S.K.: 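Right, I'll just put the structure down here and ask away after.
Heavy-atom basis, side chains included; hydrogens, waters and symmetry copies ignored. By convention in this document, chain letters (A, B, ...) are assigned in the order of the sequence lines, proteins followed by strands, and residues within each chain are numbered from 1. Small disclaimer: the values here were computed from a predicted structure and weren't measured.
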Amino acid sequence: MSAETGYYGVRLTLRATGVLTFRRMPSAILHISTYPFVPPSTLSGWLRRLYLMALGIYPDTAVDKPDYFVMPQQYHVLGAYPSPDPMASFEIHTAKRQGVRAFNHNAFSRVSGSRDKKEVYQLHTWEYLLSERFVGFVLHSECEPLERIANLQNYGCKIGKEGYAFLEDVSPVQWYERCTTQQRPHVPATGRELVGKPADLFVAYRHVYSKKQPLDGDPASLEPSQIDGYSLIWLGWPAQGIEMEYFSDGASLIPVGIVEEF
Amino acid sequence: MATITTASGLPKSDDRRYHFDIYAVLEAPQELYFGHETQVNVNVVETVRVKTDQGVIEKCYLSPTKRRGVERRSLIWAPANAHGVLLGEKLGCGVPHTCARPTCPICAVYGGLITGNVTVEVLGSDEDRTQNTTVGRLVHGGGVAIQDIEPSEKQRAMHPSALHKEASQTPMPFKREYNEPALLYPVYNHCLSVTEVEFTAVAYAFLDALARLGASNPKGVHVYEGAFLKPKEPLLVLDRYLAPLGKRPIISPAEVLIEQALSGFAADALSVRGKRIAKDFVSEQVDGKALFDRWIGEAALVQLQEYATKFAVKHLT
């Protein structure tokens, strides 16, 4: 089957055990804002971590130039979105916190003693995304690699900047047929598809795979992904259903643009 | 061709690493204050807004980040020897300066960061520390109260401390919100790939922090007692696993009915590999290897206490 006609796909249900933060970029220091969904790049790294956890492997987390561990590029990991309504089934909780200005003192854990002028707090605001379930999609041109994702069910791990989620459910592999229709999508469309249309837009980032990255990568291998960096992309929810090309299994609508980008 | 290091940077251990999860329902037996912000003369508690089928409701909140802070300080301030030294002093590990050594029982699980090379005074002698990061392998979750009861606002006054009162020394009135007593808070601690020795710090901190949760006074929560296999035992679940074979007892933040929330919690806790368990400890084994161990109720509490005892014997005596 070619990408022209459709893809195989699975629908993932993620369950968060608490509030989550997916730091929005570009970022500020004293205000940390969150995307109101699990960005595709985050979901990709989280899924790869689950593959490694299932093998009992704990990969490197270096500070300096850490290795990337994300899903191979044949897997179109499209992010996960609050359920049932991706645009509304969530709340953003803004916490006010007295945060750290400098790290080279222990004033905040002294039982007794004075603080000098540098040992002070500064006020932060921090956004947390509160949604119980997120529905995500992974598409692939072949059926068999997707069937193995079901083995990751019930595995969980830290996700994003704050919080923990586990893979509550993996749907059977479905065929997502290319079609043209006018409805609200279940995955955001790209900025290119939304030109001239009213929409809620977000700046997101996608991994730029190096030419060295083998095309037949195995997510269950310990080889780090060959990533050159990130490139910026606009994603957005159209204000109303607009006529576009989608991939659909009959229940979910995935704009064609995001599959081409991720 | 470049060599790729796939080692985690953690110290070599002969012990097996496991994933651990703690699931608990906590009850505050009195009012609880965990501040959010101070408006003019009103100290407000942190609440979250939750979408339900009936609309948006506001619920009291035992923030996971605050629980993490209390747990970490309970380790830093643990009495570490017979000469009045605290564990944080012994290790030279505090907040925000963490020692970030993977051998530190606190930083190994809670994580640490040294942003630049520093000299640290540890028990009277200087120690040079280099820039380092240890990624925390413990994540906190939950905290949204079950009951849909808004905080109550109370009038308080800060009185001058003088016994003899002059006319000018009038009390300063202010208002403070409190989470109401008897609210139930489901909370979860998740550990990624830690050894049992490393987990002892998590068990110690979880149990020790219970009495210390909350800002100002009064403080404290306890593990709520409800029905698992017996009609009344601590609503506590401890998992130690390589593969997650048990249903995860998570209470939906949108649930407001205590009975439904707790019966769902118990049903999930008693479901392992799709079967209902009839014992307070189950071990799922394949070829003689334990893939998933679950303790529930009193057995979970005793197992956490066992781990906490090991921590105290190793680090505090």
S.K.: May I ask you to test the P188(A)-F202(A) pair for a side-chain heavy-atom distance under 4.5 Å?
M.R.: no
S.K.: Heavy-atom distances under 4.5 Å only: say whether R15(A) touches chain B with side chain, backbone, both or neither.
M.R.: side chain
S.K.: If you count heavy-atom pairs within less than 4.5 Å of chain A, which of T98(B), I250(B), V144(B) leads?
M.R.: I250(B)
S.K.: Can you tell which part of S131(A) gets under 4.5 Å to a heavy atom of chain B, answering side chain, backbone, both or neither?
M.R.: neither
S.K.: Below 4.5 Å, heavy-atom pairs only: which of P96(B), A243(B), G141(B), G94(B) has the largest tally toward chain A?
M.R.: P96(B)
S.K.: Look up atom OG1 in T17(A) and atom CD1 in I251(B), then write down how far apart they are to the nearest 0.5 Å.
M.R.: 12.5 Å
S.K.: Side chain, backbone, both or neither: which part of R129(B) has a heavy atom under 4.5 Å from chain A?
M.R.: neither
S.K.: Quick check on the interface: out of R110(A), E132(A), Q153(A), who has the most heavy-atom pairs with chain B under 4.5 Å?
M.R.: E132(A)
S.K.: Tell me, out of R49(B), H190(B), K247(B), who's got the most heavy-atom pairs with chain A below 4.5 Å.
M.R.: H190(B)
S.K.: I'd like to know whether the aromatic ring centres of H207(A) and Y230(A) sit less than 6.0 Å apart in this structure.
M.R.: yes
S.K.: Taking the six-membered ring for Trp and the full ring for Phe, Tyr or His, determine whether the centres of Y121(A) and F108(A) are under 6.0 Å apart.
M.R.: yes
S.K.: Heavy-atom distances under 4.5 Å only: say whether V48(B) touches chain A with side chain, backbone, both or neither.
M.R.: both
S.K.: Quick one: does I22(B)'s side chain get under 4.5 Å of F20(B)'s, heavy atoms only?
M.R.: no
S.K.: How far does CZ of R73(B) sit from CZ of R68(B), to the nearest 0.5 angstrom?
M.R.: 12.0 Å
S.K.: Using non-hydrogen atoms and a limit below 4.5 Å, what part of residues 157-171 of chain A faces chain B?
M.R.: K158(A), E162(A), G163(A), Y164(A), F166(A)
S.K.: Check for me whether the distance between the ring centres of Y51(A) and Y155(A) falls short of 6.0 Å.
M.R.: no
S.K.: Report which part of H105(A) has an atom under 4.5 Å of a heavy atom belonging to chain B: side chain, backbone, both, or neither.
M.R.: both
S.K.: Hey, what's the ring geometry for Y81(A) with W237(A), parallel, tilted or perpendicular (30° and 60° as the breaks)?
M.R.: perpendicular
S.K.: Give, as side chain, backbone, both or neither, the part of A95(A) having an atom under 4.5 angstrom from any heavy atom of chain B.
M.R.: both
S.K.: Please, which pairs that meet side chain to side chain donor-acceptor pair (under 3.5 Å) have at least one residue in residues 19-29 of chain A, sequence neighbours excluded?
M.R.: T21(A)-W126(A)
S.K.: Can you say whether V56(B) sits under 4.5 Å from chain A via the side chain, the backbone, both, or neither, judging by heavy atoms?
M.R.: side chain
S.K.: Identify which of L245(B), I114(B), T47(B) forms the greatest number of heavy-atom pairs closer than 4.5 Å to chain A.
M.R.: T47(B)
S.K.: Check whether any side-chain heavy atom of L213(B) lies under 4.5 Å from a side-chain heavy atom of F34(B), and answer yes or no.
M.R.: yes
S.K.: So which part of Y241(B) gets closer than 4.5 Å to some heavy atom of chain A, the side chain, the backbone, both or neither?
M.R.: side chain
S.K.: Side-chain contact test, heavy atoms from C-beta onward, threshold under 4.5 Å: evaluate it for I106(B) versus R72(B) and give yes or no.
M.R.: yes
S.K.: Quick one: which of E89(B), K66(B), E46(B) has the most heavy-atom pairs under 4.5 Å with chain A, could you say?
M.R.: E46(B)
S.K.: Heavy-atom pairs under 4.5 Å with chain A: which of S252(B), G92(B), S193(B) has the most?
M.R.: S252(B)
S.K.: Decide yes or no for V10(A) and F137(A): does some side-chain heavy atom of the first lie under 4.5 Å from some side-chain heavy atom of the second?
M.R.: no
S.K.: With a 4.5 Å limit on heavy-atom distance, are the side chains of Y128(A) and T65(B) in contact?
M.R.: yes
